[in-house]
K.L.:
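Structure below; questions to follow.
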2 protein chains.
Amino acid sequence: MRAVDIIIKKRDKGELTREEIEFFVQGFTRGEIADYQVSAWAMAVLLNGMTARETADLTLALAHSGEMVDLSDVVEIAVDKHSTGGVGDKTSLVVLPVVAACGLPIGKVSGRGLGFSGGTLDKMESIPGYRCDLTTDEFKRQLREVGIVLTGQTPDLAPADGKLYALRDVTGTVQSIPLIASSVMSKKIAGGAHAVVLDVKVGNGAFMENLKDARELAGLMVKIGELAGRKVTALLSDMNQPLGCAVGNALEVCEAIETLRGGGPADFREHSLRVAAHMLILGEVAADEQAGRALAEQSLADGSALAKFRQLVGAQGGDVSYVDDPAKLPRAALVRAVDAPRSGSLSQVQARSVGEASVALGAGRAQKDDPIDHAVGFVIHHKVGDRVEKGEPLFTVHASDQKRLDAAIASVLAAHVIVDHPVPPLPLFYE
Amino acid sequence: MRAVDIIIKKRDKGELTREEIEFFVQGFTRGEIADYQVSAWAMAVLLNGMTARETADLTLALAHSGEMVDLSDVVEIAVDKHSTGGVGDKTSLVVLPVVAACGLPIGKVSGRGLGFSGGTLDKMESIPGYRCDLTTDEFKRQLREVGIVLTGQTPDLAPADGKLYALRDVTGTVQSIPLIASSVMSKKIAGGAHAVVLDVKVGNGAFMENLKDARELAGLMVKIGELAGRKVTALLSDMNQPLGCAVGNALEVCEAIETLRGGGPADFREHSLRVAAHMLILGEVAADEQAGRALAEQSLADGSALAKFRQLVGAQGGDVSYVDDPAKLPRAALVRAVDAPRSGSLSQVQARSVGEASVALGAGRAQKDDPIDHAVGFVIHHKVGDRVEKGEPLFTVHASDQKRLDAAIASVLAAHVIVDHPVPPLPLFYE
C-alpha cells in the first residue's frame, strides 16, 4: 500500500477501505506518511467527502492512535457531552455538577478556546489553583471518589487527531464535516465514553453557520456512534446570539455559579436543563426527558449541584472560597455600561462579533499559546426579541485599558441591531 | 496576506489574483510557505481548476523563481519545442539538427525519462562523452558559435517548478491540466523562448489519454503563451502506438541517425518534418508549412542535418565516431526477434505497455536517480493497420539477461493485438 495511491483514490472520489484508512492514520502517527501527503488528502476529503462508514473507520483509527481509556471498572455507563463551541457557552460548568448531583458520575475532557469561541478550561482556570492537567490515573481516581472530573486532554489521547487538527488549521481543511465529526468522536471514544450528548451549535457564532450543515454534522456523529457501538444523542441549538449573558472567562464562571444557585439567565438555565436531562437518560438515571429535567431542576433547587461544583473545584486544587464568593474572581480595571442608542426591538445580537470582540479584549486567543486575560469580557443585557428603551443599559464591557474598551464598545454596539417593528425571540433549540 | 487564506480561496472555487499567486510561489520558493500548505493548495487546484489568467500568472511566477535566461543578444527569435512525452519519441534528435541546418539557431533544454515515457537526455547519453550539464554561459556560447544546443536544465531554471513537481509527484496532484501547462511553459519562458512548438501527445502511451484533455492542455498552453507575449503553436499527435520503430535509448539514437541520413520509419520521418516546418515558421525562416517542409526535406536529402547533429555531438563532448558508425553504440547481450503468432491485421500496438516493458528491461526509471541501461529496448516492426503473416518477425527485443528477455517478450506480445478484419492505420496528427 502506498500513501499516494490512497490520496489519488480519494481525489478520484473513491471510497477508502478500512485497511487503507488505518494504514494512512498509522503511517501519519508514526511519521512515516509526510504532512504534505496528509494535507493533500485532507483537501481531497474536504472537497470530495467521505461516507459514514469511512468516517467511522477514520474515527476509530484516530482514537486508536494513542491510549484507549477504559472506564468500565469505574462507572457503569460513561456518559460524556460535547459542544461544538460557541460564544458564552459555559454549559459544562452547570451540566456536569447537575448530573453528578443526580447520581450519574461524570468525567469530562474539555478544550481551550481558539478563535472567536471560548474554552471550558480557560473559564475554570479563572479560579486560582484549578488544575486542568490530570493524568489518566488521577482522572479515574477522582471519578471514582468524587464522581465529577473536568480536565484537559492528556497528550496521549488520540494523538493523531491533535496532529491532524494542527495541520488542518494551517491548510484550509478545517471546514469538512467528516473531518470535524471524526475529530470530535475520536476523542470521546478514546476517552472511554459509552454514550455522548452532542450539542451542535448553529448560527453566526458557531462553526456550522446553517441548519443544513449542522444537521449533517449531527447526523454523521450519531451514525459514527452507531457504527462504533456508542449511544449518541444530538441536539441542535442556536448560536446566533451569545448563550446566557456573560462572555469572558471569570464573568462566565460567575454566571454559572449564579445558575447553580438557582438563578442565572433564563435561556442558559433552560439550555443546561435540557442537556442534563438527555445525559441522565443516556446514563439510565432517568427514563425520559421530563423525568431527567425534574431531577436536574431539583439539584439546582436543593443546592446539591452547587455543592458538587464546589467539590469539583476542591478536588482539582482550586480555591473553593471563589465558589462561595464569586466577587473574589479576577475583575477588570475598567467596567463600563453602554446604553441603547435608540428605542426599539432587538433583532440581532451577533454572537460572532461579540466573540471576536472578546478575543480583542484579551479573553481569547488569536493563536494557540497566546496568554489570556481571565477578567475581561462582556455582559449582554438583552436577547433578540427584547424591547429596549433609549438610555437603558444594553451591555457592560470589562476591559483592561481605555483603548481596548473603546474598540470593544464600538464592535459590540455594531453587533446589536435595533429595529422599530416587533421581533420574535430566537429559538433555543432547533431539534 | 496569509498562505492559508489563499488555499481557502481556491478551495472555495475563488479566482486568485496575480498578487496572491506571486505571494504563494515566492513564499514557497523561499521556504516560508510549507510543503503541506502547497500540497493542499495543489489538490484544491486539481479539483477546482484555474482560469487561463490564473494559470498564466502561475507560469510567470514559477518562471521568475530563478534565473531568467535572455537569448535576445544571441538569436533574433529563440524558438523552442516541447513534447509532452511518449514512447519512442526521439523527435528532438532529428528536428533540432534539421531546423539548425535550415538556418534557425536552436538551443533546447530537455529532460530525462520518468515512468513509461523516455527522456531525450538519456538517449543522447548513449553516445560516450556527451555532456548534458552545460552552464547558461556555455549554452549561449554554443548557440552563438554552433547554432545548436541540446542539454539539461540548470538547477536555477524555474526552481519553484522543480520543487512543486517533486511535491505533486508524491501527493497525487500531477494530473491537473493547469499545473501541467504552467510547469511546461514556465521552463520554456525562463529558458528564454520567444516562440514554442508544442507537441501534445494523446493516447494510452501519453499523459493525456483522451483528445478532450489533450485539446484542453494544448489550448491552455497557447493561451498562456498569448498572455505572456510568446508565440505558441500546438500540434496534437497520436501516442496510442510507439512513434517510429525503436524504443530504448541507443536504439532510438540509431533510428534518429538513420532518419537524418534520409531513411528511417515513415511515420517518424513525417512527424519530424511537420514539427520542424512549424518551428521554421515561428522562426520566420519559412512563410508556411509547405515551404518549411521543403526546406526540412532538403536538409535531410543533402546531409546538412546529419552534419549538424554531428557538430552538436562534438560540441558537447560526445564521440562523433558513434554518429559515423552507429553500430558502435551500446548493444545488449541478448537480441531476439519474435514472430507473429497468427496472421491478420494489427489493431493495436499499445504504446504504454511497450513503454512499461522497456522500463522493466532497464531502459527507463521507476524512480528518479535509478540507473539506466542504454542498450536495451525494442524494435517494433509493424504499425497499427499493417497486415502481418504468421511466422513473420513482429518485434525484436534487446535485453541484458534471459529472465528480463522472457518477461519482455510476454508483455510486448500482449501489447500487439491481431484481428481478422482489416484495420485502418492510426492518424499521425489529430489537429
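Hydrogens, waters and symmetry mates are skipped; everything else that's a heavy atom, side chains included, is used. Letters go in sequence order (proteins before strands), and every chain restarts at 1. Quantities reported herein were computed from a predicted structural model and do not represent experimental measurements.
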K.L.:
Just to be sure I understand the criterion: a residue of residues 1-8 of chain B counts if one of its heavy atoms is under 4.5 Å from a heavy atom of chain A. Which ones qualify?
P.N.:
Val4(B), Ile7(B), Ile8(B)
K.L.:
Does NZ in Lys163(B) sit with more than 12 non-hydrogen atoms of other residues, nucleotides or ligands closer than 6.0 Å?
P.N.:
yes
K.L.:
What do the steps show when you test Tyr36(A) against Val38(B) for side chain to side chain contact (heavy atoms under 4.5 Å, CB included), and what is the final call?
P.N.:
CA-CA 8 Å; Tyr36(A) 49 77; Val38(B) 176; over 6 Å; no
K.L.:
Looking only at heavy atoms, which of residues 44-64 of chain A get nearer than 4.5 Å to chain B?
P.N.:
Ala44(A), Leu46(A), Leu47(A), Asn48(A)
K.L.:
Quick one: side chain to side chain donor-acceptor pair (under 3.5 Å) partners of Thr29(A), sequence neighbours excluded?
P.N.:
none
K.L.:
Name the member of Ser39(B), Ala42(B), Ala34(B) that forms the most heavy-atom pairs with chain A at distances under 4.5 Å.
P.N.:
Ser39(B)
K.L.:
Would you please name every residue forming a side chain to side chain donor-acceptor pair (under 3.5 Å) with Lys201(B), sequence neighbours left out?
P.N.:
Asp199(B), Ser237(B), His271(B)
K.L.:
Hey, which of Arg11(B), Lys9(B), Gln37(B) has the most heavy atom pairs under 4.5 Å with chain A?
P.N.:
Arg11(B)
